[in-house]
Amino acid sequence: MTLATEPPKANFRLGMLIYDTRYRSYTIQIIVLILFLLGVAWLANNTIENLAAKDKDINFGFLWNRAGYDIDQHLVPYTNDSTHFQALLVGLCNTLLVAVIGCFLSTILGVTIGVLRLSKNWLLSRMMTVYIELFRNVPVVLWIILVYAVLSETRPEPKDFKIVDGTSKASMILNDSFAITNRGTNVPSPLLEHPLPRIELGGYSLNLSVLACIFVVAASIWINRILRRRAAATQEATGIRPTTWWKSLLILFVPIIALLFAMGLHWDYPAFKGFNFKGGLNVAHAFTALTVALTLYYASVIAETVRAGIQAISKGQSEAAAALGLRPGRTMNLVILPQALRVIIPPLISQYLSLTKDTSLGLAVSYLDLRGTLGGITLNQTGRELECMTLMMLIYLIISLIISSVMNAYNASVKLKER
Amino acid sequence: GTLDDVKARGELICGVNVGLTGFGAPDATGAYVGFDVDLCKAVAAAVLGDAAKVKYVPTTGETRFTALASGEVDVLIRNSTWTFSRDTDLKFDFVAVNYYDGQGFMVKKDLGVSSAKELDGATVCIQTGTTTELNLADFFKSNNITYTPVNVADDSEALRQYDAGACDAYTTDASGLAASRASLASPADHIILPEIISKEPLGPVVRHGDNNWGDIVRWTYYALLTAEEKGVTKANIDQVASSTTDPEIKRLLGLEGDMGAMMGLDKDWSRRAIAVSGNYGEIFEAHIGTSTPIGLARGLNALWTQGGLQYAPPIR
Amino acid sequence: MSLLYIRKDMLGPSAPPASQTGAIRWLRENLFSGPVNSILTLLAIYVLYALISLSWPWLANGVWTASSLQECRSIVAASAGPDAGGACWAMIHERWHQFIFGFYPPDLWWRPILAFGLLFVALAPVLYADNKSAMSKLCGLIGVLAVLCLIGADGFSFHTVLAIALFAGLTAFAATKPRALLTVTILFPFIALWLLWGGSIWGPITALLGFMVMAMIYSLIAPKLGPVMGASLGFIAACLWWLFLQSYVSEAWQALLPLELTYVTSDKFGGFLLAFVIGVASISISLPLGILLALGRRSDMMLIKTLSVGFIEFVRGVPLITMLFTASLLLQYFLPPQTKFDLILRVVILVTIFSAAYNAEVVRGGLAALPRGQYEAADALGLDYWQAQRLIIMPQALKISIPGIVSTFIGLFKDTTLVSFVGLADPLRGITTIVRADINWKGIYWEPYIFVGGIFFIVCFGMSRYSMYLENKLKTDHR
Amino acid sequence: MAEPAIDRSKMQISDEVAIQITGMNKWYGTFHVLRDINMTVNKGERIVICGPSGSGKSTLIRCINRLEEHQQGQIIVDGTELTSDLKNIDKVRSEVGMVFQHFNLFPHLTILENLTLAPIWVRKVPKKEAEEVAMHYLGKVKIPEQAHKYPGQLSGGQQQRVAIARSLCMKPRIMLFDEPTSALDPEMIKEVLDTMISLAEEGMTMLCVTHEMGFAQAVANRVIFMDQGQIVEQNEPREFFNNPQSERTKLFLSQILGH
Amino acid sequence: MAEPAIDRSKMQISDEVAIQITGMNKWYGTFHVLRDINMTVNKGERIVICGPSGSGKSTLIRCINRLEEHQQGQIIVDGTELTSDLKNIDKVRSEVGMVFQHFNLFPHLTILENLTLAPIWVRKVPKKEAEEVAMHYLGKVKIPEQAHKYPGQLSGGQQQRVAIARSLCMKPRIMLFDEPTSALDPEMIKEVLDTMISLAEEGMTMLCVTHEMGFAQAVANRVIFMDQGQIVEQNEPREFFNNPQSERTKLFLSQILGH
Ligand SMILES: Nc1ncnc2c1ncn2[C@@H]1O[C@H](COP(=O)(O)OP(=O)(O)OP(=O)(O)O)[C@@H](O)[C@H]1O
Ligand SMILES: Nc1ncnc2c1ncn2[C@@H]1O[C@H](COP(=O)(O)OP(=O)(O)OP(=O)(O)O)[C@@H](O)[C@H]1O
Ligand SMILES: [Mg+2]
Ligand SMILES: [Mg+2]
């Protein structure tokens, strides 16, 4: 490329630093850079002085000390003898767990509500409007607290499940496998009779059974895709698309069921013993409340996004499709959705981003997420605010950056081609 | 030092609880009242001569120590437990113990439990950001039994959970348990288990290194205690002052010697402190004692002469 | 076949066939147009029924006057049977003022009320531009409401008269010279500061003088050294004024002419008063910051762009809670030793930074929506960058951005509830905790949440409707 | 516009009826938008519909392929009566092509995909065949080289020609045009009109809402003038323009030809 | 368009050079958009630039008031060379007025404010005086009664005339027009052209990108034809239209006059 810049004129004047477009931008940038560096230096200097005055230092060594507190929900192995770092990991996993489940559920709920809101059923669409407005316009913290309260106030105590003289005050649902008590939800947990061995890898152990399941599911999905591609090819060649849905179902579900059967899957049902349910998995209400409240709240936001996205596709598109003889279902699949998704997905991903950040509100129900462990108890026990907060912000920032880079990549890939 | 700051400012900044029944909370008019709050007032009266010149900064479990360390508050009187690491690693000074507490358990009577050791498998409500969670872990571990913690943000939330049956037991400092029990619909249906699983000496905290300021808070507190020991009350203080012959009372009330000057205060400092809301016993009874709905017995907090632990060093 | 056809007499419109009108048709079309729809309708009716039957008895048994929760319980038990639940609104009745004003002294409530009323007057020129009648209606309405609130708060007093006179005057202004109200807009921050915190009037006035110093220096220097230099030197001069001279001058004047309101410390702020102070202060300070950041992000200069992007993405990447904890835990590390300032102020600063990043994105959207031609026309007329921004670009971009800014504000306003996590008395958790620490109300749970949630809903819903209305209006009248 | 040389050899009108509308009425809510429409269109006819804005022209032709529902009277297209029977609607729609004022191309599909979408999914034509047909019609509208671009990358005139080709790919017997040129820049109008003329030359039955009077005179065999939801006058073009009968028509023509 | 009766008495071309472009080249990225442009415009000249779309006409005249930066060669406007020196740029811009295809009026300001904005802020004229001048030019473009309306309330033709008046308020010595009529409905083109003609009659130096050949023939004293970023041919209008020299010009003229 030939951006032939002329050599600076010999008679360079100082005034040119301000008046010459070429130099001016450098002048400004250098001034800004200096100011910025001065600012950073000032902050750093203050920090050093303050640390010195308080006789503190910056040291992340505390992460390897014993944490000493318990966390009821941990996805990675943890006891109160584990290190603060392990507690951090537990917290991070808890954060991510709520974020992932919340995103998933709120998308489903939000899309449903958004579509129902556009429904021709007057009552239904009004109810959805009320739902959306109600949830959007009240602080999400309130919803978290309220859901939590509803769960623990309206559900029976575990001891009501105790069978006295053949009856009990409360009963489990779904064929005696789920019990929602006021202190948690007891769900059956899967157990394997002949699990595959674990592989020890320097401190961490790899669960082959889980790996096998993941592998099988992935393989099924892959085969299913091949099947669908075949169908498409047939359609291209003959014009008629073979029915595939039952084949898809078979391919998707039979192998994994077979594998689980082979490994001897059975369920460990919760049952009432002593004070509490034993066996199965106890999901704490803090988790449920946070997830449900975030789901409900973000569903209302997502519903609006979806509605706006669908409405952004002009009526002309569906009319044109109808005029060509396409049925409404096909029109939705082939014309409206592909376009609406382009409008919907970018804001949707920013909703995901906010949802992920809002998991930190688990504070209101003392959910031990990243903020609760690293930024809460650990910070409190060790008194290392600077380190804990920095680390916590950094982790959140990384999560956010990952999500938004996914968004940018998506945006770039679906951008409509224009002149 | 802090004393000069406070004097210059004309106001004592006292870190208190955001809201803990009996110990410190704003009432309907927004004025802070409570057991801890009265100590703040006494310090203010001693230092500034006016018990009203206190600014209360509500602190949460998470922000309290930072607030003190950063100088946002002059003194933290907020049921904080004196522990080794807080004293050393966090660089604070606990100047005295104004309330000897210990972590206990409250359960419903119909649970049929009479000892904490029977709590195997129980669900326990516990506030985060306090020493209680560490004690709890230690206790269950040493007894080889298991439990499920339910973390809650604050006392009222814990109480609601417990009341709704979301946990079998509620653990916190025994003082808090008593207060909570009192506010339940039928207190008689709940019992506080006999085990006290930890030592929770609660006391005012100041920053490490400012010893004079620490002395002021410490001796203000001991003055209140000594007053109780010597029978000096809010009501009779003036009368005692004019009639007493007891040299210790004379020293206490500034009638003899000049103890105040040694801390940079005037002679009447302790007299003012006592005059605000009376001696230790009076404060105790007014806010958390048996005549209040909270109904705490003096127990460990009785004077040493009455079998308790409250023992003020001699003022001389 | 002859093609010619002429209609001799034109047909008038006739009514649609019966099947096209009437309630039955409406029902059939809107509720029972098909099996799926009918099922959905029935389902919806069932859900409605379940919700109402669940909550109605509790609401209906509500008790409005009692002095403690125990009393409430016994009243409900007496009237509706021992097992019936009932709301205990008595708590709200006794403590409503803490939810609204926090611990603000009751005899000074007229000050926040007045400030809140003036807020709307200050907003009027922004909301309605040149629409005289709308503006005067708004001013009048707000005036009436404010006066009613004042009478409710402390009877008919001197303040009521003051307020009547003030709002009558402002309404008259709005009706005659709407532009003059802009002065109120500009002065509002200082008036509000003074009304809310009180103290000597010379404080805000001398603070305002700082801006005048800035303007003066700017007008002296800008023609010679360019607007950037002018602005920065002006800013430096203003900072010097604020840091070193202001307090002396204001004290001197205070000595000469003492004019002051009772000083109210920040720790008296709580409830919705606190939420509004944080919300309004943050949004109004963050807007200029956001504009600068947005301009920075669109700048051609690499460094400035990078810094702006970095800042915006950083702030948007971390949860607000961590920012608040930074305000209460970390700020002390970053400031010179011994600097201390108010937690509210720190929170406002951090929340401002937070909303600045969001506003920057909103404004950037507004800037991007402007056609390139506007920039080019400004260039071609010889306007320089700052003139073009100020006269051409910003007025339009901001107008487009108003709905987005309102949304940011709604979000921010809702997020003010998070300040309770650093020990401030927000209405949702802060005040509620305090109320529950009272032995009389210990154990009360739903009522305060419903009360506070209701107010939040009304405020936020109102604002979101307004922003929707704006969006529709802009859609039609922007070209 | 100079009268183009038009080959009228194929433009013969058969006696078979393509569209038959009798006593048709339509309301939007309580607004009576079409009033007592009676009209017969034979195979091969080229009809231009004109009239002031809001007179119901668009509504009329949209009723013909049931984009709007009529409430009274009968519409029979190619022997199929339009009722709410879905099968009939499908049948009619696959016989009738429609071109809109704003093109309504699918912006997320390439030109070729736009053209093959309906044949593949509605007519179940194999893809390859559909593409051949599509290329054929693209050639007809003179833009075969644009096949792999996206609609957004074409000029308005090109887009409208693609829209016409898209309809043609379904091999309709009747084509409806709703102001096909009114959203176009003047330079592009001609290319679209040319395409339409060539279509007429091949004997397609066409109903066209347009204000291009040149086109009407050159191609139409009948002009229908509508006002207030009614057919006010119809005639063959020369007569219609030179010798309008009703007052309204005269007024309208004076306005439209005046400028 | 019939040739309007034009008063050529004042349309005299002086010997002074208004614009001098030598060896100018410009790239967008790697795309060479203007190639070796050499051109001299004297005071009072009225130059029409035409050429196919994308040939660089707009870019050329946008370089003249530095809306685009050139990378090689020299542009001297009224004795001031355009370099990156801001002062020179400001000077040139205040000498050169520009009218855009899409008017680019400021929609948030009234017509009068649109007109007085630049005089007040750039030329530092007192407001009152600026308003007098503005009303004078509004009268000239024949819409003084619209002064207090907003641009959105005017028709396209009126807006374009306001845009011209806005440029004139800065009392420029040179006016640049970039397809001033191509975004207008046919009925409005004439009123804008009339305004431009009256400007020419007063001896304004004008560079005008346009495809209105009637205007070119009536007013221009030189027509420049550009293609692929180069000046391909220039001549006085009559010769240019009747006797084009290069093949490209012939082709272009046949297209543009053909339809
Ligand atoms: N969906 C609708 N609901 C209610 N009224 C409608 C609807 N669509 C059109 N109308 C009204 O019906 C009348 C006829 O509309 P139509 O679009 O058929 O007119 P037109 O003759 O095509 O006008 P134009 O030349 O402007 O396109 C108009 O008055 C219009 O306002
Ligand atoms: N900002 C830009 N970046 C890259 N290429 C550009 C840019 N602006 C214009 N071009 C290209 O430069 C060439 C000349 O553009 P220009 O607008 O000068 O043409 P024109 O002769 O005015 O055409 P038209 O008659 O369509 O207005 C075109 O090929 C165009 O695509
Ligand atoms: Mg129409
Ligand atoms: Mg151009």
Side-chain angles (χ1 to χ4, degrees), chain A residues 120 122 228-245 306 309-346 348 410-419, chain D residues 58 61-62 64-68 86 89-110 113-131 148-156 158-159 163 166-167 169-170 172 175-176 178:
Chain A
K120 287 204 187 92
W122 182 87
R228 294 177 62 96
R229 228 176 281 152
R230 283 254 174 85
T234 319
Q235 182 184 23
E236 273 178 24
T238 66
I240 295 163
R241 193 180 174 90
T243 40
T244 56
W245 60 268
V306 169
I310 293 179
Q311 283 183 340
I313 307 309
S314 70
K315 232 178 125 219
Q317 292 289 313
S318 47
E319 282 181 354
L324 286 171
L326 287 169
R327 286 280 184 84
R330 282 269 149 75
T331 306
M332 198 66 185
N333 277 337
L334 297 172
V335 177
I336 307 295
L337 274 188
Q339 294 183 56
L341 281 184
R342 284 161 213 255
V343 184
I344 292 171
I345 288 192
L348 189 66
Y410 175 85
N411 276 349
S413 74
V414 301
K415 206 168 156 202
L416 277 186
K417 304 250 178 357
E418 274 174 14
R419 288 218 275 187
Chain D
S58 301
I61 69 165
R62 288 158 62 86
I64 294 175
N65 70 348
R66 194 76 174 185
L67 285 180
E68 304 284 350
L86 275 184
I89 296 177
D90 281 348
K91 199 162 158 211
V92 167
R93 282 188 181 160
S94 68
E95 300 293 329
V96 178
M98 175 142 184
V99 175
F100 299 83
Q101 179 180 9
H102 290 287
F103 334 142
N104 291 343
L105 294 179
F106 305 131
H108 60 300
L109 302 178
T110 62
E113 287 165 346
N114 262 285
L115 266 66
T116 56
L117 185 81
I120 291 179
W121 291 96
V122 181
R123 288 232 192 277
K124 316 275 186 209
V125 175
K127 189 169 173 193
K128 215 165 151 153
E129 202 175 301
E131 285 182 351
H148 295 284
K149 288 202 182 157
Y150 284 85
Q153 296 169 301
L154 303 190
S155 74
Q158 292 172 325
Q159 288 193 44
R166 180 174 70 176
S167 292
C169 281
M170 289 292 283
M175 284 286 283
L176 309 175
D178 191 1

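Labels below follow one simple rule: chain letters A, B, ... track the order of the sequence lines, proteins then strands, and each chain is numbered from 1. Side-chain atoms are counted along with the backbone in the values below, which use heavy atoms only and exclude waters and symmetry mates.
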Closest approach of [X] to [Y] (non-hydrogen atoms, all atoms of both residues):
X	Y	value
A:Ala320	D:Phe100	CA-CE1, 3.6 Å
A:Val335	D:Leu117	CG2-CD2, 4.1 Å
A:Gly325	D:Val122	O-CG2, 3.6 Å
D:Arg93	A:Ala322	CD-O, 2.9 Å

Can you tell which part of [X] gets under 4.5 Å to a heavy atom of chain A, answering side chain, backbone, both or neither?
X	answer
D:Leu105	backbone
D:Ile120	both
D:Phe106	both
D:Val92	neither
D:Arg66	neither

Test item: D:Asp90 and A:Arg327 side chains (from C-beta on) under 4.5 Å apart, heavy atoms: yes

Could you state the interatomic distance from [atom1] ([X]) to [atom2] ([Y]), rounded to the nearest 0.5 Å?
X	Y	atom1	atom2	value
A:Gln339	D:Leu109	CD	CG	7.5 Å
A:Leu337	D:His108	CG	NE2	9.5 Å
A:Leu326	D:Met170	CG	CE	7.5 Å

